[in-house]
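What follows is one structure encoded as structure tokens, with my remarks underneath.
Below, all heavy atoms of this structure are taken into account, side chains as well, without hydrogens, waters or symmetry copies. We number each residue from 1, following the sequence as shown.
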Amino acid sequence: MAPIPAPLPAPPADAGQGAWGSQPIYSRADDVAFARIAAAASIAADAAGWTNAAAHLDHYLGNSGDLLTINADAVLRDVPAADAQANSMAEAEIRRITAEVAAGQLFGHPVQFQSQWLGFYIDKGLSEDWFFAMGGIHLSVTGVVTVIAPAEGAEPTVSVEYKVHVHDRYNWDGEKSTEIAGVTVSDKRMGALHTAGLAREYDIEGSSGIRSYQGAVPTAATLPGAATGRDGERSDPSR
């Protein structure tokens, strides 16, 4: 089987609150004070069990701007709706490739795919931890499909390996306020830490483990997922 390709370049990020460190030094005193409140919000989030929200806020307050690599399988396991969306994207790619291969009678040759990035919003009802950690994310799937020639009168079968990719830009770009484990913070005040040079926006990315499937052309429901408890493997969708 051919290697699973990397995802397409990440979608462009929104503008956030502005350039890092762009505030005049004389206007930063209130931001220095608010940084202590933000640090308290991180401690409160961790105490509430929102470990990812706390870790992501700590990374922001760490002020490095470095890429943060996350466990995509954990996101997809904790947010089944995101997992289902990713598998719907994989289904679309598998069906497209199967139709093209069957039309050209090009059976038996591995075909790579890279989906476009698709936005997905993790709201509080799906996961409070990942809502505060990321909120709006982008999903992509990449993989390899081999369409196997069918017996006369039968439908083709497929052998598939694929990964799910998650991307986000950690910034505070809106006008809303929210409460993190009893500590109220606003997008404007949190974003001002970036423009004051006291915190720094950064990219988040992660890829799932390899998911394998063999059988009839699948639906999203018959593809393996992070929530199946089967280590990303499903060769018999009837199990």
Side-chain angles (χ1 to χ4, degrees), residues 10 13-14 16-18 20-21 23 28-83 85-86 119-139 164-209 225-227 229 231-232:
D14 54 54
Q17 293 282 5
W20 179 82
Q23 274 192 53
R28 300 180 185 181
D30 60 333
D31 298 304
V32 173
F34 183 73
R36 291 191 287 271
I37 295 174
S42 174
I43 294 170
D46 191 57
W50 302 338
T51 54
N52 294 292
H56 291 203
L57 180 52
D58 283 345
H59 194 71
Y60 179 63
L61 298 174
N63 207 17
S64 70
D66 292 341
L67 172 72
L68 181 65
T69 301
I70 60 169
N71 182 341
D73 283 314
V75 180
L76 299 166
R77 181 194 64 233
D78 295 345
V79 188
D83 197 44
Q85 179 63 70
F120 182 90
Y121 191 74
I122 304 172
D123 62 29
K124 280 186 180 181
L126 296 176
S127 168
E128 288 186 311
D129 187 14
W130 290 112
F131 167 74
F132 289 118
M134 295 192 294
I137 62 174
H138 282 84
L139 298 169
V164 180
H165 310 279
V166 178
H167 175 82
D168 184 32
R169 177 70 176 175
Y170 190 98
N171 57 24
W172 299 80
D173 57 351
E175 296 295 331
K176 63 184 182 298
S177 293
T178 191
E179 186 176 288
I180 301 177
V183 180
T184 300
V185 298
S186 69
D187 282 11
K188 185 174 182 180
R189 294 305 305 271
M190 290 294 287
L193 296 178
H194 172 81
T195 58
L198 301 173
R200 198 156 194 163
E201 297 171 359
Y202 60 92
D203 288 329
I204 300 170
E205 65 180 33
S207 298
S208 73
D231 300 322

Do the non-hydrogen side-chain atoms of Arg189 and Ile37 ever get within less than 4.5 Å of each other? no
Asp58 side chain vs Ser42 backbone, donor-acceptor pair below 3.5 Å: no
Work out which heavy atom in Ala72 is nearest to a heavy atom in Ser207; give both atom names and the distance. CB-C, 3.6 Å
Sub-4.5 Å side-chain heavy-atom contact between Trp50 and His56: no
Hey, is the main chain of Ala226 close enough, under 3.5 Å, to the side chain of Asp83 for a donor-acceptor pair? yes
Please tabulate, one pair per line, all N/O donor-acceptor pairs under 3.5 Å involving side-chain atoms of residues 190-198, not counting sequence neighbours.
unit_1 : atom_1 : unit_2 : atom_2 : d
His194 : ND1    : Glu201 : N      : 3.1
His194 : NE2    : Gly18  : O      : 3.1
His194 : NE2    : Trp20  : N      : 3.3
Thr195 : OG1    : Gln23  : NE2    : 3.0
Thr195 : OG1    : Ala192 : O      : 3.1

One pair to check against side-chain contact (heavy atoms from CB on, under 4.5 Å): Ile204 and His59. What are the steps and the verdict? CA-CA 11 Å; Ile204 300 170; His59 194 71; over 6 Å; no
Taking every heavy atom of Val79 against every heavy atom of Ser127, the minimum-distance pair comes out as CG2-CB, 4.0 Å
So Tyr170 and Tyr60, would you call those rings parallel, tilted or perpendicular, with 30° and 60° as cut-offs? tilted
Please report the interatomic distance CG(Leu76) to CH2(Trp130), rounded to the nearest 0.5 Å. 9.5 Å
Taken in chain and number order and not counting sequence neighbours, the residues that satisfy salt bridge (charged side-chain N to carboxylate O under 4.0 Å, His left out) with Asp203 are Arg169
Report yes if some heavy atom in the side chain of Arg200 is under 4.5 Å from a heavy atom in the side chain of Asp66; otherwise report no. no
Side-chain touch Leu126/Asp123, heavy atoms, less than 4.5 angstrom: yes
Side chain to side chain contact (heavy atoms under 4.5 Å, CB included) with Ile70: which of Asp168, Asn52, Ile137, Val166? Val166
